[in-house]
Amino acid sequence: MKSIDVKGTARVAGGKKAAKELRKQNMVPCNIYGEKRGENNLPVAECIAISNDELRNLIYTPHIYSVNLDIDGTVRKAVMREIQFHPVKDNVLHVDFYEINETKPIVMEVPIKLNGLAEGVKAGGKLAAGVRKLKVRAPYTQIPEVLDIDVTNLGLGKVIKVAELSYEGLEMVTSPSVVVCQVKMTRAAASAAAAAKNK
């Protein structure tokens, strides 16, 4: 997994008014959850603020990153876990980060990449992805940038489900029944199949 450097600063926890003031300054209120535990053994949120400019390359990208989060000169390794967008303006309202280390497993959504020319496509079908990303669990050092999926032997009308996939060192978190990709029957393929039967 690639890493990216992001700078932030500690902030005092405040309500909606304080968050609104931060956003006026082109800053985004964020939380980072680390090893600290509070009531009911729940992780304690530390409040930080990060500029929109710093967050842009992390959020608006198809890639996944581990984050070298520099908070007032102290660098902590983290991953972005949750983003809240404005429902109308689509600007970023809040981001949650989770601190990570080399041994603790984390859950990440990893993009899929379909490789090869499917048999069903050769027969006139259309390859369609059912999902763009799959959730996996592993220490962050073992999580790949993409999950490669070979579709060469996928025939017309056939599907690949999560249950059929396995990757060394990764635990699949997405439900086994989820369809990852399929070759859909097109009119041209259906006509060709019907013509072949009538010969």
Same cluster (ILVMFWY, side-chain, under 4.5 Å), [X] and [Y]:
X: Tyr65; Y: Ile32; value: yes
X: Val136; Y: Ile100; value: yes
X: Leu55; Y: Leu22; value: no

Considering only residues two or more places apart or on different chains, which pairs with a residue in [range] satisfy salt bridge (Lys or Arg N to Asp or Glu O under 4.0 Å)?
range: residues 124-139; answer: Arg137-Glu171
range: residues 41-65; answer: Glu46-Arg76, Asp53-Arg56
range: residues 87-97; answer: none
range: residues 9-23; answer: Glu21-Lys24

Next on the checklist: Any side-chain to backbone donor/acceptor pair from Thr186 onto Gly124? Under 3.5 Å, distance only.
Outcome noted: yes
Checklist entry - Under 3.5 Å, side chain of His94 to main-chain N/O of Pro29, donor-acceptor pair present? => result yes
With heavy-atom distances below 4.5 Å as the criterion, would you say the side chains of [X] and [Y] are in contact?
X: Leu134; Y: Val110; result: no
X: Phe97; Y: Val79; result: no
X: Leu58; Y: Val67; result: yes
X: His63; Y: Thr61; result: yes
X: Ile149; Y: Val180; result: yes
X: Met27; Y: Ile50; result: no
X: Leu127; Y: Lys184; result: no
X: Ile83; Y: Ile59; result: yes

Residues forming a side-chain hydrogen bond (donor to acceptor under 3.5 Å, both in side chains) with [X], sequence neighbours excluded:
X: Asn57; answer: none
X: Asn26; answer: Asn52
X: Ser3; answer: none

Where [X] and [Y] come nearest, the two heavy atoms and their spacing:
X: Val183; Y: Ala118; answer: CG2-CB, 4.0 Å
X: Ala129; Y: Leu114; answer: CB-CD1, 4.2 Å
X: Asp72; Y: Ala10; answer: OD2-N, 2.9 Å
X: Ile143; Y: Met108; answer: CD1-CG, 3.7 Å
X: Gln142; Y: Ala138; answer: CB-CB, 4.3 Å
X: Pro62; Y: Pro111; answer: O-CG, 3.5 Å

Checklist entry - When you look at Val121 and Val151, which way does the side chain to side chain contact (heavy atoms under 4.5 Å, CB included) test go after all the steps? => result CA-CA 10 Å; Val121 173; Val151 299; over 6 Å; no
Item to check | Sequence-distant partners of Glu119, side-chain contact (heavy atoms from CB on, under 4.5 Å), two or more places apart | outcome: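 By the side-chain contact (heavy atoms from CB on, under 4.5 Å) rule, Glu119 matches Lys122.
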Item to check | Partners meeting side-chain contact (heavy atoms from CB on, under 4.5 Å) with Asp70 (sequence neighbours left out) | outcome: Lys7, Val75
Next on the checklist: Taking transitive links into account, so neighbours of neighbours count too, which hydrophobic residues share a cluster with Val107 at under 4.5 Å side-chain distance?
Outcome noted: Val173
Checklist entry - Hey, what else clusters with Val12 if you join Ile, Leu, Val, Met, Phe, Trp, Tyr whenever side-chain heavy atoms sit under 4.5 Å? => result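 Its cluster mates, by chain and number: none.
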Can you tell me how far [atom2] of [Y] sits from [atom1] of [X], rounded to the nearest 0.5 angstrom?
X: Cys47; Y: Asn31; atom1: SG; atom2: CG; result: 5.0 Å
X: Tyr140; Y: Ile106; atom1: OH; atom2: CD1; result: 9.0 Å
X: Thr174; Y: Leu147; atom1: OG1; atom2: CG; result: 9.0 Å

Name each donor-acceptor pair under 3.5 Å that joins a side chain in residues 155-169 to protein atoms two or more places apart or in another chain, with its distance.
unit_1 : atom_1 : unit_2 : atom_2 : d
Glu164 : OE2    : Lys161 : N      : 3.1
Tyr167 : OH     : Asp148 : O      : 3.0

Checklist entry - Going by the angle between their ring planes, with limits at 30° and 60°, are Tyr33 and Tyr98 parallel, tilted or perpendicular? => result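 If you compare the ring of Tyr33 with that of Tyr98, the planes turn out parallel.
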Next on the checklist: For a quick check under 3.5 Å, do Asn68 and Lys77 share a side-chain donor-acceptor pair by atom type?
Outcome noted: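 There is such a pair between these side chains.
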